[in-house]
Amino acid sequence: MRRKKFLAIAAAVLSMTIFGGCGGEKAQSPDDKKSFVYGTMAYGVAMENVGTNPHESYVGWSTLRYGIGETLFKFNEKMELEPWIAKDFEQIDDYTIKINLKENVVFSNGKQVDGAAVKACLDDLIEKHDRAPKDLKIDSITSDSLSVTIHSTEKVPALLNYLSDPYGCIIDTEAGEHDSIVVGTGPYKAVKVTDTQIDLVKNENYWGEVKPKMDKVTIRSIPDGDTLTMAMQNGELDAVQGLPYSSLQLFTKEPDKYKISRTDTSRIYQAAFNYKTPELQDLNVRKAISMSIDKKNFTEVLLNGNGTPAVGPFPANLSFGDNAVRTVDYNLDEAKSLLEKSGWKDTDGDGYVDKNGKNLELRYLTYTSRQELPLLAESAQANLKKIGIKLNVNATDNYKTFLKSGDYDIFSKAIVTAPTGDPEYYFTSHIVKGAVDNAGFYDSPEITELENRLHNTYGTEKRSEIAVKMSQKILDDCALFYASHLRMSFVMKPNVEGFTAHPSDYYEIRPELEKK
């Protein structure tokens with residue numbers, strides 16, 4: 001209890017330090033209706049999204065989320081594609097698509113977004129980004145005054161979906177990048193960017209029909225959940241995203257003081273088994289671990305109901321989601337039986353199964369910047385102990401160092417599996433052999449064959465059928481286990497309007513945002 005009181009006091013002091021001594025009090029005043037202060041756990045070095053240049057790692061998430069940049073197409077509430085910077089498109093043949101641009105779109109510096117500017121942006125994206133070239137498969141791009149024609153090296157049925165990924169934000173590459181700031185087309189433009197904060201001002205040249213209503217927007221990274229909670233309670237923030245679930249209920253109980261916007265997303269809490277670990281090359285061991293994950297308890301208790309127990313990588317509201325696949329049930333007795341079948345028994349009575357004189361001991365790697373992941377780690381650790389597996393948890397935001405060195409047996413992360421409204425993104429980025437984020441080194445010839453089919457198949461229904469087969473193969477192999485799909489919640493002051501959660505997990509700061 002003393003330690004909890006100390007932590008609470010320390011968090012309060014930290015909150016006062018962050019919000020009381022940074023200057024710019026006018027922008028932080030709750031009475032200033034032209035400024036908006038937003039606290040989030042989703043911006044930071046650990047998320048690889050610090051900055052505004054979408055051609056770097058996952059920085060595009062910040063560009064798109066915070067109203068700095070826009071893509072050629074965007075997703076509606078049903079995750080269906082709609083034109084945004086683009087006016088329309090023509091599918092010339094299986095390898096070629098022509099995208100026509102709207103005439104009135106301009107960058108925040110006043111320069112028109114024409115075909116040459118879009119081509120220059122996409123050329124730069126392909127040259128610099130790690131995932132985009134593998135997704136887009138672009139062979140050549142030609143431009144006309146208000147169009148670009150993209151020719152791919154192979155069929156890319158999901159090309160427009162990929163171009164709607166945050167890395168697809170159209171920026172003025174001719175203007176360059178200065179102090180982590182790029183020139184986009186969004187309702188706001190960055191004026192200062194650090195590892196912990198983005199300062200935005202209204203884009204006076206915004207081309208959209210709805211003009212931005214705020215003069216200033218401040219995005220603050222607050223990775224400590226207690227500090228984030230107190231900052232919102234103390235009125236230092238206008239809105240917040242990423243509150244600890246234990247804190248969220250504090251705001252739901254006061255509907256007169258706070259508004260909440262919620263939506264289900266395709267963000268999944270998953271864990272990949274490292275196939276380079278000898279013990280995990282045994283299907284029985286992987287299956288036993290998967291059967292020991294109490295998804296219901298994790299979702300209902302640890303997440304306070306702010307999620308849905310997962311079967312596979314995609315939520316049930318998608319045609320290729322959980323309703324179409326199956327996985328093993330939570331069953332500790334069956335898990336113990338599977339371990340025993342593979343020769344793992346507790347022969348020395350120390351509570352852990354062993355074989356050939358060696359205990360079954362595994363290293364579980366995750367990070368703390370998304371608060372739910374350590375909770376999942378603790379739950380997995382407790383349940384695996386019940387079946388005789390010792391799990392050593394390493395929860396660190398320096399996790400990339402361990403991924404690079406290979407010092408892990410299980411890697412747990414949070415990932416949006418369908419950010420493009422199409423299943424292929426997840427498979428090409430996390431599942432197929434050689435994928436950038438294939439942390440388990442999973443290699444399935446069947447997955448490879450199915451991905452080749454998916455990549456060459458047009459039509460939503462046919463693509464969904466192939467995606468279901470791929471998800472089921474992953475589950476049959478127990479290559480990963482999926483714990484829960486996230487329900488995202490935004491908490492805001494009652495005078496905030498136009499700030500709503502979107503199922504894509506994008507489009508947070510929009511021109512409609514205002515304080516009344």
Side-chain angles (χ1 to χ4, degrees), residues 71-76 78-83 86 88-99 122 126 131-141 149-165 167-168 266 268 311-326 415-438 442-477 479-480 482 503-504:
T71 50
L72 293 168
F73 295 83
K74 65 178 178 180
F75 300 101
N76 61 23
K78 296 180 180 179
M79 290 301 292
E80 300 167 334
L81 281 175
E82 294 180 347
D88 54 34
F89 72 95
E90 304 169 49
Q91 189 74 49
I92 296 176
D93 56 44
D94 284 349
Y95 302 91
T96 311
I97 192 169
K98 182 179 181 180
I99 300 174
L122 296 180
I126 295 167
R131 291 177 291 116
K134 297 180 181 179
D135 294 339
L136 302 172
K137 310 287 186 183
I138 292 177
D139 178 46
S140 63
I141 303 174
T149 300
I150 300 174
H151 183 76
S152 301
T153 58
E154 56 193 72
K155 293 180 181 179
V156 188
L159 180 63
L160 296 185
N161 299 73
Y162 283 126
L163 288 173
S164 304
D165 181 281
Y167 63 54
S266 68
I268 189 81
V311 179
F314 305 107
N317 62 340
L318 298 176
S319 61
F320 44 86
D322 279 355
N323 286 340
V325 294
R326 64 192 182 280
I415 174 71
V416 175
T417 55
T420 63
D422 183 88
E424 190 172 6
Y425 168 90
Y426 176 68
F427 298 126
T428 56
S429 62
H430 283 77
I431 301 300
V432 299
K433 180 182 179 181
V436 173
D437 293 309
N438 185 347
Y442 178 52
D443 180 9
S444 165
E446 184 176 337
I447 287 289
T448 300
E449 191 275 328
L450 286 169
E451 165 53 26
N452 288 335
R453 285 173 53 192
L454 180 65
H455 193 67
N456 289 281
T457 298
Y458 289 86
T460 301
E461 186 174 339
K462 291 181 179 179
R463 289 178 65 78
S464 293
E465 291 175 0
I466 298 172
V468 167
K469 291 180 180 178
M470 296 180 73
S471 294
Q472 191 58 60
K473 175 59 177 173
I474 296 168
L475 295 170
D476 290 344
D477 287 346
L480 299 90
Y482 302 95
S504 67

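Numbers for residues simply follow the sequence, beginning at 1.
With sequence neighbours excluded, the residues satisfying side-chain contact (heavy atoms from CB on, under 4.5 Å) with Asn76 are Lys78, Glu80, Glu82. Taking the salt bridge (charged side-chain N to carboxylate O under 4.0 Å, His left out) definition, one finds that Glu446 meets it with Lys473, sequence neighbours left out. Ser152 pairs by the side-chain contact (heavy atoms from CB on, under 4.5 Å) definition with Ile150, Val156, Leu159, not counting sequence neighbours. Partners of Lys155 by salt bridge (charged side-chain N to carboxylate O under 4.0 Å, His left out), not counting sequence neighbours, listed by chain and number: Asp94. Every residue was checked against the salt bridge (charged side-chain N to carboxylate O under 4.0 Å, His left out) condition with Asp322, not counting sequence neighbours, and none meets it. Residues meeting the ring pair (Phe, Tyr, Trp, His ring centres under 6.0 Å) test with Phe320, sequence neighbours left out: Phe314. Residues forming a side-chain contact (heavy atoms from CB on, under 4.5 Å) with Lys462 (at least two apart in sequence, or on another chain): Thr457. Partners of Ala435 by side-chain contact (heavy atoms from CB on, under 4.5 Å), not counting sequence neighbours, listed by chain and number: Val432, Asn438. Among residues two or more places apart in sequence or in another chain, the side-chain hydrogen bond (donor to acceptor under 3.5 Å, both in side chains) test is passed with Thr448 by none. The ring pair (Phe, Tyr, Trp, His ring centres under 6.0 Å) check on Phe75 picks up nothing, with sequence neighbours excluded.
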inquiry  = With side-chain contact (heavy atoms from CB on, under 4.5 Å) as the criterion, how do Leu160 and Ile99 come out once you've worked through the C-alpha distance, each side chain's angles and the decisive distance to 0.1 Å?
reply    = CA-CA 9 Å; Leu160 296 185; Ile99 300 174; 4.0 Å; yes
request  = Test Leu480 against Ile431 for side-chain contact (heavy atoms from CB on, under 4.5 Å), laying out the working first.
outcome  = CA-CA 10 Å; Leu480 299 90; Ile431 301 300; 3.7 Å; yes
inquiry  = Let's go through His455 and Asn452 carefully: what are the C-alpha distance in whole Å and the side-chain angles of both, what is the deciding distance for side-chain contact (heavy atoms from CB on, under 4.5 Å) to 0.1 Å, and is it a yes or a no?
reply    = CA-CA 5 Å; His455 193 67; Asn452 288 335; 5.7 Å; no
request  = Report the C-alpha distance between Glu461 and Ser319 in whole Å, list the side-chain angles of each, state the deciding distance to 0.1 Å, and finish with yes or no for side-chain contact (heavy atoms from CB on, under 4.5 Å).
outcome  = CA-CA 8 Å; Glu461 186 174 339; Ser319 61; over 6 Å; no
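Side chain to side chain, Asn161 and Ser164 fail the donor-acceptor criterion of an N or O pair below 3.5 Å. Defined by atom type and a distance below 3.5 Å, a donor-acceptor pair is missing between the side-chain atoms of Tyr162 and Asp422.
In this structure, CG on Asn456 lies 9.5 Å from CZ on Arg463, to the nearest 0.5 angstrom. Taken to the nearest 0.5 Å, the OG1 atom of Thr71 stands 11.0 Å off from the OH atom of Tyr167. Between the CZ atom in Phe427 and the CE atom in Met470 there is a gap of 4.5 Å [rounded to 0.5 Å]. Taken from CD1 in Ile466 to OG in Ser471, the straight-line distance is 12.0 Å, to the nearest 0.5 Å. To the nearest 0.5 angstrom, Ile92 atom CD1 is 5.0 Å from Thr149 atom OG1. Taken from OG in Ser429 to CD in Glu424, the straight-line distance is 10.0 Å, to the nearest 0.5 Å.
Side-chain atoms of Asp93 come within 3.5 Å of backbone atoms of Thr96 as a donor-acceptor pair (strictly under, hydrogens ignored).
Annotation: salt bridge (Lys or Arg N to Asp or Glu O under 4.0 Å) contacts involving residues 132-141, sequence neighbours excluded, are absent. The salt bridge (Lys or Arg N to Asp or Glu O under 4.0 Å) analysis of residues 428-438, with sequence neighbours excluded, yields the pairs Lys433-Asp443.
The side-chain heavy atoms of Asn323 and Val311, taken from C-beta on, include no pair separated by under 4.5 Å. Within the 4.5 Å cutoff, side-chain heavy atoms of Tyr442 are placed close to those of Asp477. Between Thr428 and Glu451 there is a side-chain heavy-atom pair separated by less than 4.5 Å.
When all heavy atoms of Pro419 and Ser266 are compared, the pair lying nearest together is N-OG, 4.4 Å. Closest approach of Leu318 to Ala418, counting heavy atoms only: CD1-CB, 3.9 Å.
The environment of CZ in Phe89 is sparse: at most 12 heavy-atom neighbours from other residues, nucleotides or ligands sit within 6.0 Å.
Under the side-chain contact (heavy atoms from CB on, under 4.5 Å) test applied with Lys98, the options Glu90, Gln91, His151 reduce to a single match, Glu90.
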